[in-house]
Amino acid sequence: MKFETKTIHAGVHSDPATGAIMTPIYQTSTYAQSAPGVHKGYEYSRTHNPTRTALQDNLAALESGKWGLVFASGMAATDTVAKLLKPNDEVIASNDLYGGTYRIFTKVFQDYGIKFHFVDMSNLDNVEAKINSKTKLICAETPTNPLLKIVDLRKVAAIAKSHQILLAVDNTFASPYLQNPLALGADLVVHSATKYIGGHSDVVMGAICGNSNELFEKLSFIQNSCGAVPGPMDCFLAIRGIKTLHVRMERHCQNASKVANFLINHPKVSKVYYPGLANHKGHEIAKNQMRDFGGMLSFELKDDSVQAAHKFLSSLKIFVLAESLGGVESLAGHPATMTHASIPKEEREKAGLKDSLIRLSIGIENVDDLIEDLSQAMG
Ligand SMILES: *Cc1c(COP(=O)(O)O)cnc(C)c1O
């Protein structure tokens, strides 16, 4: 089955009781047993719920994995992966990970005796330099936030495999439509389904997919023990969102490419970060591991000041100033004063985050309206 058919049909069956086409919202905490221990595979909804099962099977198919697990948020999914670790284990992660991932590693799991190394993964020598006998997990993210750096997933997977280290890839920015890390050699793919998978800014959810039965047993045990499961209504919303994932992603990519080309030619813009641009550092790798270049881009103003960025952002009429990404509506954000405000200015500049850097999540509106909005806000 091709991806576009899987989004609509994989894992989702019409309701056996009524023939209803859409998976019912099984809003139930428990299930009747005909005799003690005799049931239809469902005992209690922290462990299993039929609406959740449909979504998990669908996501597994989209990531070409054997199994999927969904969680109450993207962070709950990452938390579950980190709980595979034990005190004294070491982890190598991208130095420009999603801020919440950096926070859970450094402020939560570090206190449990796990050691984290953050390296620039666009040069994989940096990864090899940190590997030792305690290294148990490599966490990669590509494209990254907000500079859209690209990590070569085939190469990092080969390094992980040769040292028998698990590789988990956060695939949120690409979505399963654009990139399938399991097929490129990753052991686990992690998603914030809050973003492109849900796609309509109406649900917070996370997911993990993989192929190893052993990892499935461990992760589902942690999930059932710790309990960060999503409710059936949220699972229904995600199933419904996924049915148009391919159509939305196609338009996100088309629109973002046009916006990137508008911005590089604008006299007030000094730099545009979009993997689809031929001069982007990771362009060739992105071409090799992604189907298209995604809906996220960032840019800097020639007037590199917080004031100039704020003036631009408050002049936007269609783009909404908000955190998050991946919904049908276009969003704009200012990393220096929003998502990355907690990082001191000096550290921010070292990481390449200029004061005027603006991040856009390009939606699926008419692109001419989007470009007109950006153009008028430039003043
Ligand atoms: C949003 C996000 C997360 C966290 O997901 P939540 O659903 O907000 O918990 C993790 N990784 C990336 C890349 C994200 O954008």
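What you see is a predicted model, and the numbers here were worked out from it, not measured in a lab. Just follow the structure's listing: the first ligand is 1, and inside any ligand the first atom is 1.
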Heavy-atom pair with the smallest gap, counting every atom of Phe3 and Leu62: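 Here Phe3 and Leu62 meet closest at CE1-O, 3.6 Å.
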Under 3.5 Å: donor-acceptor pair, side chain of Glu329, backbone of Val320: no
Donor-acceptor under 3.5 Å (Thr80 side chain, Leu219 main chain):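 Flag not set: sc Thr80 to bb Leu219 has no pair under 3.5 Å.
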Member of Thr28, Asn49, Leu237, Thr23 meeting the side-chain contact (heavy atoms from CB on, under 4.5 Å) criterion with Pro232: Asn49
Residue from Lys136, Lys134, His117 passing side-chain hydrogen bond (donor to acceptor under 3.5 Å, both in side chains) with Glu90: His117
Lys302 NZ: over 12 foreign heavy atoms closer than 6.0 Å: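 Counting neighbours around NZ of Lys302, more than 12 heavy atoms of other residues, nucleotides or ligands fall under 6.0 Å, so yes.
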As a test of reading the model: which N/O atoms of the protein lie under 3.5 Å from N/O atoms of ligand 1, and at what distance?
| from | atom 1 | to | atom 2 | distance (Å) |
| --- | --- | --- | --- | --- |
| ligand 1 | 5 (O) | Ser192 | OG | 3.0 |
| ligand 1 | 7 (O) | Gly74 | N | 2.9 |
| ligand 1 | 7 (O) | Ser192 | OG | 2.8 |
| ligand 1 | 7 (O) | Thr194 | OG1 | 2.6 |
| ligand 1 | 9 (O) | Gly74 | N | 3.0 |
| ligand 1 | 9 (O) | Met75 | N | 2.9 |
| ligand 1 | 11 (N) | Asp170 | OD2 | 2.7 |
| ligand 1 | 15 (O) | Lys195 | NZ | 2.7 |

